[in-house]
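Structure, as structure tokens:
Position 1 is the first residue of the sequence; numbering continues from there.
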Amino acid sequence: TIKNNNLHISFVSSNRGMSSIDIHTPDGMDAGNNIDPSPLIGDDQSYHTSLSIISGNERGFPKKGSISSDNNVDTDPLGVPSPPTWRRPISSARTYFTELSGFFSWKFLSWLAIDQCFISGGSLALVTTLSLPLFKELGIGAARQQLYMSMILSPFAMKPFIGVASDLFPIRGYNKKYFALYSILIGLLGCSVLLGLYHSGATEMAVIQGEDASQRLADIIVICFTAVVYEAAALDILGEGKYAELMRDHPESGSSIISFKFGWAMLGSILTTAVVGPLSDAGHFHVLFWITLVLSLTPFYPTFAGWIPEQLRTVEEPGMVKLCKGCLYDQGSFQEKKMPFIVITLCGLSAPLLAAVTTYADLAIGVAFSAGLITAFLVATYYIFPRTFFRVFLGIVIACLSRLSIGSALGYYYTASEECVPNGPNFSYTYYVTVTGIVGSVVNFSAVILYQNFLSNWRFRPVLIVTIVIGSLASIVDLIIIMRWNVAIGIPDTVFFLLGNAVFENLVMILQSIPFSAVFAKMAPPGMESAVFAYTVGIANFCGMVSSILGSGVIRWSGMVTVGDTCDFKALPTLIVIFRMMVPMLVGIPAIFLVPNVLQTEYLIDWEEEGWSQANSDVVQSSEHGNEEDGLKEDSRLEPHLL
């Protein structure tokens, strides 16, 4: 695509191997007038692919250090959509969204915004923040609560399985639409059961009956929360698979879609956390479950209306088999890459199994099981994928495991009663969840703009290393509050926590998430975008779950007591220094050097050089030649053929 202030020219690949040039000008105007760039991915573009022309080899892989330049264009030298700036917030924001729509259709952007705002930033954020006050009310300790959270969030580690299933089993001809709709129904079912439990007075009865009854009720709540999170995880991976495909087609879009995604998620988080704290303090959990039910329903119509752009699959396609009425099986794709699909599927299915074993059986068995699984995935990845992919994959695994989670212990400490922690912070849920949550969400939203303006043009290694260092140093705020040093110099806990922890930890979370998400998207090889993206993201989430399980074990084995009137948090400062400050820098930073030091607008892996894309390309070309003889049209993108 060549763009300047006067003209927008797209070189479009046709189905018969010929090329045509489309010159887009407004009706009634000649090419000499200024126009906005037209979207490259449109709803009526069913059998064409717009190919972005960038400096590089003939297959579209950019040469390192090479850039493409446009004349008189107010964009980044690499063609990345210009981020909003503080000097011209309105005009630059308009330019950013206009340029973003040049790579992604408005319907898909709208669907992604609804999903991120009302599901990832809405129902998911509500469930995760609600778990602290809800389980504390039932008398569940911090170590157990962290295990519960690993179970609740296990659907995010199931992303590989969801991604493979959606790619191999089109339902009524669509890979993503009906998987998304079914996940919404599962989320609604979980919300309905929660409402039934609370309207029947089950929680009050469980507290009266004692610890065993409370734990049985907590187990049911965990299953319902897991259903809600499954909806969020499924919609997330289906959207990620689609924009990973489009990012491969348009690498010059950089991290713009990632910033767009996190921006809407942060907006939803602000709206959600505004109500969780006050309603939790008042004990109105049933109201929060009604809100979750409404939020879970919001993406239903956009999904049903087909706002996720995808091609209708038919049984006439090569390798497609009809399993039953309304369900197809892409046997050809599975046979083409059988081992990657098997490994990816096993990765996704292992997550809920590990969470269930660890939560409901024995923690030590779960830790040993997780170590064996990670080793097996590393070995399988080494033998199946190219070496560059394996090095990046290994770096991600080490970096994710290097920061053990002890968040439950911190949450219990900050919200402990005066009897539990005398002269402690004793924060209310309104302050700890709502006030600091809103401030943190505003910081997150600002972090997205900060990243897009100042860090999006950095190379991957320095930006990842900087965020790890800042994240480790941010834990100093927790250490100061627990040691009561802030009170000694006259700074109240509420002020110091708000200006320290709520700002820096949320800032670091986003600054780390955006480049890692870009790495995941750019690791996806041609023809397996959804499945491999799901695999890398699923492994990262799986490692995060293992980190949470290990953190639960550390909390338990440290001897901390987090509930009741005789609490003991003496070991907490030591855990912060070791597992949140030292280990991430000593282990996580060296792991980052396994990631290629390329710009975020460049390809992370040259799949042609790795010998991966050639076989896929031959399949596509032979399919196109065969259809040419039959007079049939075929989509020229790789994913509809292979997945």
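Side-chain contact, T415 with K136: a donor N or O sits under 3.5 Å from an acceptor N or O. A donor-acceptor contact under 3.5 angstrom links the side chains of S408 and Q145, judged on distance only. Side chains of Y414 and N426: a donor-acceptor N/O pair is absent below 3.5 angstrom, by distance only.
With Q146 contributing its side chain and I549 its backbone, the two residues share no donor-acceptor pair below 3.5 Å. Judged by distance alone, the side chain of R144 and the main-chain N or O of T359 form a donor-acceptor pair under 3.5 Å. Looking only at distances, no side-chain donor or acceptor of T272 sits under 3.5 Å from a matching main-chain atom of S269. Looking at S548, its side chain never comes within 3.5 Å of a backbone N or O of M545 through a donor-acceptor pair. Put simply, the side chain of S552 gets close to the backbone of A143: a donor and an acceptor are under 3.5 Å apart. Remark: the backbone N or O of K570 is paired with a side-chain donor or acceptor of D568 at under 3.5 angstrom. A donor-acceptor pair is defined here as one N or O able to donate and one able to accept, closer than 3.5 Å; no such pair exists between the side chain of T358 and the backbone of A355. Of the possible polar contacts, one joining the T562 side chain to the A142 backbone as a donor-acceptor pair under 3.5 Å is found. For the pair T434 (side chain) and Y431 (backbone), a donor-acceptor distance under 3.5 Å is absent. Between the side chain of S547 and the main chain of R403, a donor-acceptor pair closer than 3.5 Å is present.
Between M151 and V229, the closest side-chain pair of non-hydrogen atoms is not below 4.5 Å. The shortest side-chain heavy-atom distance between Y412 and V563 falls under the 4.5 Å cut-off. Contact annotation: the side chain of F289 never approaches that of L197 to less than 4.5 Å [non-hydrogen atoms, C-beta and beyond]. Between L134 and I221 the shortest side-chain heavy-atom distance falls below 4.5 Å. At a threshold of 4.5 Å between non-hydrogen side-chain atoms, the residues F225 and L130 count as touching. Residues I220 and L194 are not in side-chain contact: their nearest non-hydrogen atoms beyond the backbone lie 4.5 Å or more apart. Between L235 and I184 there is a side-chain heavy-atom pair separated by less than 4.5 Å.
Partners of S558 by side chain to side chain donor-acceptor pair (under 3.5 Å), not counting sequence neighbours: none found. Shown here are the disulfide bond (SG atoms under 2.5 Å apart) partners of C400, two or more places apart in sequence or in another chain: there are none. In terms of the side chain to side chain donor-acceptor pair (under 3.5 Å) criterion, Q215 has no residue partners (sequence neighbours excluded). C420 pairs by the disulfide bond (SG atoms under 2.5 Å apart) definition with C567, not counting sequence neighbours.
When all heavy atoms are compared, the tightest approach of C224 to V193 is SG-CG1, 3.4 Å. Of all the heavy atoms in F542 and S370, the pair that sits closest is CE2-O, 4.4 Å. Taking each heavy atom of S150 and L147 in turn, the nearest pair found is OG-O, 2.5 Å.
W290 CH2: 12 or fewer foreign heavy atoms inside a 6.0 Å radius. Residue-environment remark: CZ (F304) stays at or below the threshold of 12 foreign heavy atoms within 6.0 Å.
Among residues at least two apart or in separate chains, side chain to side chain donor-acceptor pair (under 3.5 Å) pairs with a member in residues 484-493 are R484-D493, N486-D493. Sorted by first and then second residue, the ring-ring contact (aromatic ring centres under 6.0 Å, His included) pairs involving residues 138-160 (not counting sequence neighbours) are F135-Y148.
A tilted orientation is assigned to the rings of Y178 and Y182, their planes being inclined by 30° to 60°.
In this structure, the ring of F427 has its center less than 6.0 angstrom from the ring center of F497.
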